[in-house]
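Working notes for the structure below.
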Amino acid sequence: MRVVNHSPRQVDSPVDVHDGTIVQWEPGGLWYWYGMSYTDCETSGGFFGTLNNVLSGPEEVIGNLLSPRDFIGTACGMIGTPGAFGDTCGTLTVRSGQTVSVFASSNLVEWRRVGDAFDLPSSSTLADAILFRPAVIRNRATGKYVLWVNVIPRGFSVLDGLLKASYRVGVASRPEGPFTLTATEPHMALHADGDFGLLEHEGRAWIAYNSFQTDHSIAVQELDASFTDVAPGGNASIVSINDQENVALFESGGKFYLIHGNLCCFCPEGSNVLLSVALSPMGPYTRVRELNPRDEHHMPRIPAQSNGVFKVQLSSGRQQLVWSGDMWQSSLSGLKGRDVQVWLPLDVHSDAPLNFTRTWQLGEFAKPIVAPFPPSRVGMEYAKLMQGGASPFPRAHEHVGPHLEYFAVIMLVLIVSPFVVGGAVCFRLSRRGVEWWQKGPARTSYLV
């Protein structure tokens with residue numbers, strides 16, 4: 001099979017499925033992709049989204065200043081804001097909102113939408129919520145398929161929304177669903193509000209997740225025998241540094257691997273991808289390498305946020321690992337549901353990072369192409385700004401006129417300057433407007 005990857009803004013994805021789990025339950029059987037569908041909504045960001053967020057109330061402003069890396073300058077910062085992502089993508093209607101979709105394929109190329117993962121009319125819990133990163137594993141003992149999803153109630157400020165977030169679990173007898181929600185949410189050791197990954201191995205299962213409670217460090221817990229909750233009395237093992245998300249947990253060759261990266265909520269520039277290894281899913285984990293290092297412009301070489309790793313059993317008997325990453329805001333049309341993914345071969349035993357390969361043959365590890373994507377306008381602008389240099393690009397950008405840019409910068413200075421204490425305010429220009437975030441006095445956060 002030939003895998004073809006595209007650069008941002010080249011094409012629209014032919015299927016509306018993002019994040020999630022790609023798995024073949026039976027050798028030679030169908031492939032299933034459980035992922036988010038965003039339909040025809042757009043991710044609101046930039047200056048007007050941020051202005052709307054700030055003007056939503058004092059509580060939102062205070063929340064932004066307390067932890068600006070989480071709430072400002074990213075699309076997730078607009079979750080609870082009227083007219084932004086929470087409104088346009090936060091309803092479970094296929095026509096105008098987001099839903100967890102199930103797609104099936106016989107060859108990983110041609111995908112058909114089987115339907116909604118959940119029985120939506122009977123799922124009042126999900127009727128008005130924002131959903132992220134569904135993951136599915138199979139319980140060999142019960143024969144059931146178990147789906148976990150991150151649920152954030154809609155209609156609250158970003159801060160309140162994250163504090164009210166939880167994981168919900170659905171169970172199905174067939175791989176295509178529908179999945180029926182369990183009566184209660186899992187009893188996590190830490191507050192469940194962030195990205196997560198599931199792993200089933202030899203009849204046992206684990207969840208790796210990040211939590212607002214621990215400043216977004218990654219924790220691992222074992223699941224109970226049903227895979228619908230964590231094991232009773234189990235503790236969470238912290239296995240990463242702070243400010244991490246896009247978690248994936250997988251096994252290969254008798255070892256357990258953890259992938260995660262810096263906070264990068266729907267960021268178009270992508271995030272780093274850290275690979276660690278352990279002899280047990282609970283850790284301790286040893287850092288192996290950075291899979292998506294920064295280039296000379298201080299931007300990730302591949303503009304994608306890590307999604308996960310799936311396994312392909314080859315006819316030769318060898319098992320190939322495939323890394324997938326979501327290229328947010330990459331669609332040609334600007335519709336979130338048409339953002340594309342990138343798939344690349346992963347060799348955990350190699351010392352080389354991931355390299356963007358436009359075309360490669362599944363079954364052979366492609367020879368890396370050293371030159372990845374050309375430097376993005378946003379990346380160059382940000383790098384030059386951080387270094388105190390002049391912008392290498394003209395002020396008139398593709399999607400924002402020069403007068404609007406100047407107006408946006410001036411307005412942002414007037415709005416945020418009274419609230420910033422002990423830090424500098426950094427500005428950057430994006431194709432959808434001006435986004436901003438705070439740089440703390442102790443370190444610089446490249447969360448774009």
Side-chain angles (χ1 to χ4, degrees), residues 3 5-8 18-22 133 135 195-197 199 208 210 216-218 220 239-253 255-278 281 283 285-312 319-328 330 340-360 362 364-373 375-376 379 446-448:
V3 178
N5 294 311
H6 296 278
S7 296
H18 316 272
D19 326 319
T21 300
I22 301 172
R133 297 181 69 90
D195 292 349
F196 68 95
L199 168 67
N210 72 333
H216 298 290
S217 59
I218 307 299
V220 180
V239 296
S240 82
I241 59 177
N242 295 342
D243 301 326
Q244 300 296 292
E245 63 177 7
N246 48 82
V247 190
L249 184 62
F250 63 97
E251 179 274 337
S252 179
K255 296 181 180 180
F256 300 91
Y257 294 87
L258 180 71
I259 282 180
H260 53 86
N262 294 341
L263 300 179
C264 167
C265 189
F266 294 146
C267 63
E269 291 81 8
S271 175
N272 63 328
V273 181
L274 300 176
L275 176 68
S276 301
V277 64
Y285 283 85
T286 300
R287 178 73 53 80
V288 176
R289 67 183 186 277
E290 167 64 75
L291 294 177
N292 192 22
R294 297 184 183 277
D295 59 20
E296 64 273 20
H297 306 292
H298 306 287
M299 302 304 294
R301 297 179 65 180
I302 303 172
Q305 182 182 29
S306 182
N307 172 50
V309 175
F310 63 94
K311 301 177 180 180
V312 179
Q319 188 178 77
Q320 181 167 306
L321 301 177
V322 180
W323 174 84
S324 65
D326 285 293
M327 299 169 66
W328 302 119
S330 62
V340 299
Q341 274 200 352
V342 55
W343 292 1
L344 295 172
L346 173 63
D347 184 357
V348 294
H349 304 294
S350 169
D351 293 330
L354 292 166
N355 282 285
F356 177 71
T357 305
R358 295 190 182 277
T359 303
W360 59 280
L362 185 57
E364 298 177 3
F365 284 108
K367 182 178 180 181
I369 297 177
V370 177
F373 293 102
S376 66
Y446 288 88
L447 299 178
V448 294

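Quick caveat, the model's predicted, so the values are computed rather than measured. Heads up: numbering here begins at 1 and tracks the sequence.
For the side-chain hydrogen bond (donor to acceptor under 3.5 Å, both in side chains) test, no residue two or more places apart in sequence or in another chain qualifies with N292. Qualifying salt bridge (charged side-chain N to carboxylate O under 4.0 Å, His left out) partners for K255, counting only residues two or more places apart in sequence or in other chains: none. Annotation: side-chain contact (heavy atoms from CB on, under 4.5 Å) contacts of N272 (sequence neighbours excluded): N262, L274, E290. Considering only residues two or more places apart in sequence or on other chains, D195 meets the salt bridge (charged side-chain N to carboxylate O under 4.0 Å, His left out) condition with R133. The ring-ring contact (aromatic ring centres under 6.0 Å, His included) test applied to F196 returns Y167, not counting sequence neighbours. S276 is linked by a side-chain hydrogen bond (donor to acceptor under 3.5 Å, both in side chains) to nothing, counting only residues two or more places apart in sequence or in another chain. For R289, the side-chain contact (heavy atoms from CB on, under 4.5 Å) test picks out L275, L291, L346, S350, with sequence neighbours left out. Under the side-chain hydrogen bond (donor to acceptor under 3.5 Å, both in side chains) criterion, S306 pairs with W323, sequence neighbours left out. Every residue was checked against the ring-ring contact (aromatic ring centres under 6.0 Å, His included) condition with H260, not counting sequence neighbours, and none meets it. S324 is linked by a side-chain hydrogen bond (donor to acceptor under 3.5 Å, both in side chains) to N307, counting only residues two or more places apart in sequence or in another chain.
To the nearest 0.5 angstrom, M327 atom CE is 12.5 Å from H18 atom NE2. With values rounded to the nearest 0.5 angstrom, R287 atom CZ is found 5.5 Å from I241 atom CD1. The structure places CD of Q244 at 10.5 Å from NE2 of H216, a figure rounded to the nearest 0.5 Å.
Pairing each heavy atom of G261 with each of N246, the nearest pair is N-OD1, 3.0 Å. For P268 against P303, the heavy-atom pair with the smallest separation is O-CB, 3.6 Å. Scanning both residues, A248 and G308, for their nearest heavy atoms gives CB-CA, 3.9 Å. Nearest heavy atoms, Y257 versus S252: CE1-O, 3.6 Å. For the pair P293 and P353, the tightest heavy-atom approach, listed with the atom from each and the gap, is CD-CB, 3.6 Å. Taking both residues in full, the closest heavy atoms of W328 and Q305 are given as NE1-OE1, 2.8 Å, listed atom of the first, atom of the second, then distance.
Counting only distance, with no hydrogens or angles, the side chain of N5 and the backbone of V3 share no donor-acceptor pair below 3.5 Å. Put simply, the side chain of W360 gets close to the backbone of W343: a donor and an acceptor are under 3.5 Å apart. Put simply, the side chain of D295 gets close to the backbone of H297: a donor and an acceptor are under 3.5 Å apart.
In this structure, the side chains of L258 and V247 come closer than 4.5 Å at one or more pairs of heavy atoms. When side chains are defined from C-beta on, F250 counts as touching V348, because their heavy atoms get closer than 4.5 Å. V273 places none of its side-chain heavy atoms less than 4.5 Å from the side chain of I302.
Between K311 and E251 a salt bridge is recorded (basic side-chain N to carboxylate O distance below 4.0 Å).
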